[in-house]
Protein chains: 2
Amino acid sequence: MSDEAPWLDEAEMATWLALIGVVMRLPGALEVQLRRDADLNHFEYCVLVGLEHAEGGTMRMSDLAFLCNGSLSRLSHVARRLENEGLIERFACPDDGRSTLARLTGPGRERLAQAAPGHVRLVRELVFDELDGDEMRQMGELAKRVLARIQS
Amino acid sequence: MSDEAPWLDEAEMATWLALIGVVMRLPGALEVQLRRDADLNHFEYCVLVGLEHAEGGTMRMSDLAFLCNGSLSRLSHVARRLENEGLIERFACPDDGRSTLARLTGPGRERLAQAAPGHVRLVRELVFDELDGDEMRQMGELAKRVLARIQS
DNA sequence: TCCGATTCATTGAATGTTCAATAAACCTAG
DNA sequence: CTAGGTTTATTGAACATTCAATGAATCGGA
């Protein structure tokens, strides 16, 4: 540990504080709107959006969990709640008996429609309205590279 | 809603997915190390670090909550746990009878020392090793501006 | 000075997430 | 073809967070 890089310098610390600030506060900011408009939390919203965009409207639980950046266990609990509310349904995968497929229902689509416009508006207000095109692409590229490290 | 900007275009969506990916996965990635090295979650770690850097080693609960990007209620629950473990202590603020001050104890400092080296190493691995100096500063500036919007 | 409004913090209940255990289906080396 | 390991998903219990209610201390205007 003797040749270890020292604690963050001033510029790194400023960057880190801003980044971790966004990381910690953004989900809460988004959930206020989602809860108000559609009684969903952010993870539930991601699940519904993921299914809406999926090929054939269905997705395996584990793929959906990865897409939503959550654990399979978390998704399993959330899926039970969403299924009890009638927003999604689950059924066995015909190709692989271990897998479960999830699908958005009609009411699920409606609920998504309640949430989406306000969600997009808020995402624009909080992020994209603050950045010009170059900055937006730069932010995306940097975040993508960092995400790749986190996922590896 | 008729003149509302439409849903995100392709470039915006790519940026958003990368950003939200970092937002959702970074805390979990950090907590693996903190849990292993010092049996702390990320919020608890922020609380201890906040107190370590505070003027006079003490900070008001509400200021600490803001610094740690969490609600006062959340901090209050966490502070009780940390106090029960002997890592921090709380006492009435002499200047304002409504306020509570928190302070890091000796054992709290030790626990922080268990967590910090590995935490810095991981933060470097996940974020700073991926970015050159310009990219790092750019990321910090953009995150700072977005954070300002979230906080407002 | 007094009273209503605000700030600060805590609490318990409801809710959500993680962790470890379980189990079924599948794959593959021998 | 089968025993052992892997992948997939679910579950209950432990743990953490949010939400709404409470209460104490302070502030500020009439």
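Source: prediction; values computed, not measured. Residue numbers begin at 1 in each chain, while the letters A, B, ... track the order of the sequences.
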Participant: Check the distance between D:dT18's P and B:L75's CG and give it to me in whole angstrom.
Facilitator: 12 Å
Participant: Measure up the A:H119 and A:Y45 rings against each other and bin them: parallel (under 30°), tilted (30 to 60°), perpendicular (over 60°).
Facilitator: tilted
Participant: Would you say the side chain of A:H77 and the base of D:dT10 hold a donor-acceptor pair, judged only by whether the two atoms sit under 3.5 Å apart?
Facilitator: no
Participant: Starting from P on D:dT8, measure out to CE on A:M59 and report it in whole angstrom.
Facilitator: 15 Å
Participant: Under 4.0 Å between a side-chain N or O of B:R80 and OP1 or OP2 of C:dT10?
Facilitator: no
Participant: A:V78 has a side chain; which of D:dT8, D:dT17, C:dT17 sits nearest to it?
Facilitator: C:dT17
Participant: Using the six-membered ring of B:F66, assess whether NZ or CZ of A:R25 lies under 6.0 Å from its centre and within 45 degrees of the ring axis.
Facilitator: yes
Participant: Using the rule given for salt bridge (charged side-chain N to carboxylate O under 4.0 Å, His left out), can you reason through B:R145 versus B:E141, listing the C-alpha separation, both sets of side-chain angles and the distance that settles it, and then say yes or no?
Facilitator: CA-CA 6 Å; B:R145 280 161 48 195; B:E141 198 223 306; 2.8 Å; yes
Participant: Linking I/L/V/M/F/W/Y whenever any side-chain heavy atoms sit under 4.5 Å apart, do B:M13 and A:L122 land together?
Facilitator: yes
Participant: In whole angstrom, what separates A:F43's CZ from D:dT17's C1'?
Facilitator: 16 Å
Participant: If each of A:E31 and B:M61 is mapped to the nucleotide of DNA chain C with the nearest heavy atom, which maps nearer the 5' terminus, i.e. the 5' end?
Facilitator: B:M61
Participant: Just how far, in rounded Å, is P of D:dA16 from CG of B:N41?
Facilitator: 7 Å
Participant: Please report the interatomic distance CD(A:Q114) to CG(A:L34), rounded to the nearest 0.5 Å.
Facilitator: 11.5 Å
Participant: State, with a plain yes or no, whether a side-chain heavy atom of B:D134 is found less than 4.5 Å away from one of B:Q138.
Facilitator: no
Participant: To the nearest angstrom, how far is B:D39 atom CG from D:dA16 atom C1'?
Facilitator: 14 Å
Participant: Run the side-chain contact (heavy atoms from CB on, under 4.5 Å) test on B:E85 and B:R111 for me, step by step, so that the C-alpha distance in whole Å, both residues' side-chain angles and the decisive distance to 0.1 Å come before the verdict.
Facilitator: CA-CA 11 Å; B:E85 282 193 88; B:R111 190 70 78 84; 3.2 Å; yes
Participant: Taking the side chain as every heavy atom from C-beta outward, state whether B:L82 and B:L48 have any pair of such atoms under 4.5 Å apart.
Facilitator: yes
Participant: How would you summarise protein contacts on nucleotides 1-7 of chain D per nucleotide, using B for base, S for sugar-phosphate only and - for none, with heavy-atom distances below 4.0 Å?
Facilitator: ------B
Participant: 5'-most contact on DNA chain C: B:S76 or A:E44, nearest heavy atom basis?
Facilitator: B:S76
Participant: Please work out if A:T100 contacts a base, only the sugar-phosphate, or nothing of the nucleic acid, heavy-atom cut-off 4.0 Å.
Facilitator: sugar-phosphate
Participant: Report yes if the side chains of A:C46 and A:L67 come closer than 4.5 Å at any heavy-atom pair, otherwise no.
Facilitator: no
Participant: Roughly how many Å is it from CG in B:D63 to P in C:dT7, rounded to a whole number?
Facilitator: 14 Å
Participant: Heavy-atom distance under 4.5 Å between the side chains of A:I150 and A:V146, does that happen here?
Facilitator: yes
Participant: Could you state the atom-to-atom distance from CZ of A:R81 to C1' of C:dT17 in whole Å?
Facilitator: 9 Å
Participant: Applying a 4.0 Å non-hydrogen cut-off, can you work out what A:S99 is touching in the nucleic acid: base, sugar-phosphate, or nothing?
Facilitator: sugar-phosphate
Participant: B:R90 has an atom CZ; how far is it from atom C1' of C:dC8, in whole Å?
Facilitator: 13 Å
Participant: Between residues 66-74 of chain A and DNA chain D, which residues have a heavy-atom gap below 4.0 Å?
Facilitator: A:L72, A:S73
